[in-house]
Amino acid sequence: MATLLAVSFLTFLLVNLLPGDAINALIPIEAQQDQEYVAQVRAEWGLDDPMLVRYGKWLGDAVRGDLGDSIVTSRAVSGEIAHRIPVTGELMIVTVVFSVLMAVPLGVVSAYREGSRIDQFISGSAQFALSVPGFVAGLLFIYVFAMKLGWFPATGWTRISNSISGNLMTVTLPALSLSVIEVAVYARVVRSDLVATLKEDYILSAKSKGLKDGFILFRHALRPSSLTLITVVGLNIGLLLGGTVVVEFLFALPGLGKRLLDAIFQRDFMMVQGITVFVAMVYVVVNTLVDVVYLVVDPRIRKAD
Amino acid sequence: MAGTLLEVENLHTTFTIPAGEVKAVRGVSFSLERGRTLGIVGESGSGKTVLARSVMRLNLGTNVTTTGTAIFEGTDLLTRSPAEMRSLWGSEMAMVFQDPMTSLNPLVRVQRQVTEHLCRHIDLSRSEARQAAVDLLKEVRIPDPETRLRAFPHELSGGMRQRVCIAVALACEPSLLFADEPTTALDVTVQHQILNLLSREQTDRDMAMVLVTHDLGVVAGRTDDTMVMYAGTVVEHAPTRSLFADMRHPYSEALMRSIPRTSLPSHTRLAAITGRPPDLIAPPTGCAFSPRCPYVQDRCIEETPPLVATEDPAHRLACWTPVGSPEGQAAFQKNLASGLPQAVAVDISNPRPPTRGVEVDS
Amino acid sequence: MGAAVDTVEPTAAVRRPWIRRFVAKMPWTTRFCASWLIVIVTATVFADLIPGLADPNYQGFLFGDGATNEGPGLSHFLGTDNNSRDILARIVYGARVSLTVALAAVFMGVVFGGFFGSLVGFVRGKTDSTVMAVVDVILAFPGLVLLLTVVTLLGRRDLVVIAAVIGFLSIPPYTRVARANALSISRREFVTAARAIGTKKRTILFREVIPNVLPTLLAYAMVNAAVIILLEGALAFLGLSVEPPTSSWGTMVNAARVDLQINVWPAVWPSLALVFTVYSLNNVGDWLRRLRSVRSAAL
Amino acid sequence: MAGTGKAHLRTGEDVLMTVEDLVVEFPVGRGRTVKAVSGISFDIRSGETLGLVGESGCGKSTTGRAIIQLPRPTSGTVTFKGVDLAELSDEEIRRRRTHIQMIFQDPISSLNPRRTVGDIVAEPLRVWGPHDEAEQKGIVDRMLDAVGVDPDVARDKRPHEFSGGQCQRISIARSLVVGPDLLICDEPVSALDVSVQAQILNLLEDLKAEYGLTVVFIAHDLAVVKNISDRVAVMYLGKLCEVASPDVLYAEAAHPYTDLLLGSVPEPDPSVEIDESLIEGGELPSPINPPSGCRFRTRCDRATDLCTSEEPQMRGVADDHFVACHHPLVAVAG
């Protein structure tokens, strides 16, 4: 909570202190000759108040869910955010689910056969995939699957409510582009953690009881290893949010990231502020959730608390 | 006596690491009869744990090779398939590990850890498994077993955890139990309880037990036979009573004289063993103990002494100049006269004022 | 009799120069990656000395002006882009941006993050909770979002500003890594031993704690540099890194995107440069880390 | 005063240090505290070796660290050469560090892995002088030599190139280089193999004689403690149980806990009868919520209501033999 407050204040500070007068976004340069009009607009938007006062006002509204109005479109920031969440949200959920589903088996195989050819292949590929940024992967996918093969649309978005299959067609390539790095990160985490876990005494002990390798792997080894995975997924949400900005830009998706980018170019400070605080909130909430999951999965922490 | 249960012949175990081949076990042979207890004593790096794990085929990793034979109930364990080993593990042979803190899965409740292999080896219903678990915990004297079954390992004390580990090992009534330093991580009063528990279970079940430890005191009262290991080899193997009554190998003797004992008066000078254990990548030629041995002769450095029976056929020894023998006595006197540091160091009959610096890097 | 002594064997092995022993242990992929890193660093440093390269518009390179969207050829090794600029030249200059930004991030991270982290991990208490609260706040901003805001609102987008902002944002993660390390090191007995001797706290921090935090931090720096280069690439791709005409790999990819149907090369080359540089950093970094873990396991 | 009494404290000029009513407690969250050490008192004469023995969690290591004020005790006094260390400021304590030195359990962890051995041993000289480099080198060499490490070989190496036993020698050299009066050894041999353990014990005996050291020797191994000590104090759950000279203590233990400890030590002699009756687990109570009265009563078969309600005070049972027990195993003298 304190973190969120600090984030919102810092954002407010940044947006307000840095050069680039908001008035430029509100009134065309030509119209700024009219001093009276400018003053009137300033008063209307509360630009004359001291910064702390404005922050207080904004915060008071924000806790009630009102993040102010866009100074470019005059629409409610919260409404805009709500309108765009489904796109970014779907993109992220599909990416995380797909990445975890891909990464866990790869990491498990790699760890179980540590040092073997298959491990070398998986680890090597993961190291490579880690180096391919979303925009490069995206561009490659567009070139191959959209331009050459024509299987998927290169850009655009179909909402789920309009067509489920159409939605799937438009979410596939962006999600895949984001997944390249994510799969690599998760697979490496699962592998390195599992390799360490498999060297633990209790694995040897389970083996000496005559349990089958598969049983040991999934019932005894994977669970402690999954703790780290959960943490990394949580921490990665922040990076992923950054990644969606790029992918939404590349695929021209009407998501939160694209909106933020537009807002930045338009100097729409209310919008920038609203989205940043919203994103920070998501980040904080996700990481709190991770802590809760941790508490459920690991009995040791449960006791210590 | 029901005959031989385990017969190990010329067992070698080697680990390949980047620096070279670590010869952890070098040609160990011994046999164990049903219902008997064998103690394996040695310092760290002597190969005692590796030996136990090699026999059980529990060395993890792809860089380990084991050769030789280990006949268990008529068949060679080293040639068995992994699936065959699995059916033996837990049911016929079991192991108790050194650190009860790490040998139980921290995220799994006690009940499942005690019964999961029971359910695999014998088909049990849920309630039967639960009952079996309660009985087992009672057997190892865990108070209030019903509550403890639902506990996680970290909620138990070290002693309780080791009891759980013993319960796990005993669950399928194995005929052979390896206890690998089962009490090293425990306090002395708890150690005493755990050792008593192990002894009682061993007698009650007529189970053969291999007790691996670095502590001569632990094997003394609780084993039938004792095997002393040094640098991957067995240097002396004898019935425990006869070994302690008459230590013949210079290493066994030195080990015995270097430990402080509560039965000796305060400030008794200890006969420290000079030098340090050998490098197992390039072990010394001849007897591995020769560089530190007060009785060392040229022959010890040139030829490896075999493990052979002494006058007492049950007392086997690998030494050219045994303690107490005329050749040993002569060798020691010679070394003492020539001022060999390890001989001077053990000559506690002749205490000298402390010297310093002189014996550095001999 | 106390001097019953173990002998310390002097290393009999012939001491080859450390660099050769070092290289000898590398797998061939790592050697290749390390060579690539050396090549681009050299190219970046000496770029201005190559005739024709100094042209800010990258028009003429070695063999004179080219046409628009020329394919790879003898006069322009990697071809030209839609503004008839030599791609190789632009990649070399783009490397300068990537490397400068990465260097800034590593430098600020190691120096400031390393110091603050070690300090608060060592002294703990109130200082610790305060500094870590600030770190948490900065980390709660998704990196890219904060960067977008700051960069745009600063108005100026030359290399210095970009490097400074990214450098500043690198401090918190390094602080975290350093603190975690310093915490565990401060619990080690040699720190207690130093205090028992009567060493002053400041001396302990600089002599006992920081030297033990640094290796971990440097291993982290390798991987972090790769992440930073990716980040700068993404920023440039969005048009938010250094202002044109200064070239940056991300900018090049973005510009080439429009003509993807006509000519893929202007997109392929900078992408490859980016991917391969990042891969090399990861590869060499991983290798160094493995080397370290082997050594610390031997302790 | 709910201490375990001070009947065993001695007076006289040769008492180097007296610890009285030492209490160390650590907060563990939710307002709870671990009562690691709960009011113990002991003293040590110049040139004496005091063995502090007990099982893990009895507070023996905490006591050792509280003496050197790292961390400072919650309450109680540590009177060293007539000055109460607990009263001194941090800077005054720092100035007195040379008088009391400490050796730790893990020899490898107690040496900074990134510095050379010569550097590590010279560190105290850098703080306290002499500051002349050649002079420092001479002292370091002599000290390394004294602990049985060849200075020419060791000087430029790092700790990981040495075995555990050698590392322990090096840390002993570092402690002695400042010429302390009191050396606190916290389980100095328990991480070592038995043969190396004997080397270190012998070395400590020799150094003690040569440098006129006074030693507090903390260990869980009763045989080791008996071997090296002139006086032994047995600890249980933050309290002292029994104080005596080792030969007396081991021959006629007066406290049931001492008796249990001694009965549990495995003797390397097959003819010694083993007490097979102990199978069930007597467990160490939590130091967060220790039992009332005598802390050992939950595991003691002699415990009565008196033990629950009243804490036993230290009293003499023989000459220089003190026990804190309501029902000691030997008749109370006089």
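Letters go in sequence order (proteins before strands), and every chain restarts at 1.
Within a 6.0 Å radius of CZ in A:F121, other residues, nucleotides and ligands contribute 12 heavy atoms or fewer. Atom CD1 of A:I118 has 12 or fewer heavy atoms from other residues, nucleotides or ligands within 6.0 Å. Annotation: A:M169, atom CE; neighbour count of heavy atoms from other residues, nucleotides and ligands within 6.0 Å is above 12.
Side-chain contact check for B:F178 versus A:S208: every heavy-atom pair is 4.5 Å or farther apart.
Across every non-hydrogen atom of B:S103 and A:S205, the tightest pair is O-OG, 3.2 Å. Nearest approach of A:Y202 to B:L104, heavy atoms of both residues: CB-C, 3.5 Å. Here the closest non-hydrogen pair linking B:R112 and A:R219 is NH1-NH2, 3.2 Å.
In this model, a donor atom of one side chain and an acceptor atom of the other lie less than 3.5 Å apart for B:E116 and A:H220.
Distance check, rounded to the nearest 0.5 Å: CG of A:D213 to CZ of B:R86 gives 5.5 Å. One finds the CE atom of B:M85 at 9.5 Å from the NZ atom of A:K207 (value rounded to the nearest 0.5 Å). For the atom pair CG of A:L222 and CG of B:L107, the computed distance is 11.0 Å after rounding to the nearest 0.5 Å.
Ranked by non-hydrogen atom pairs under 4.5 Å with chain A, the options B:P106, B:A83, B:A94 are led by B:P106. In terms of heavy-atom pairs under 4.5 angstrom with chain A, the leader among B:N105, B:T102, B:V168 is B:N105.
Of the two parts of B:Q98, neither the backbone nor the side chain holds a non-hydrogen atom closer than 4.5 Å to a non-hydrogen atom of chain A.
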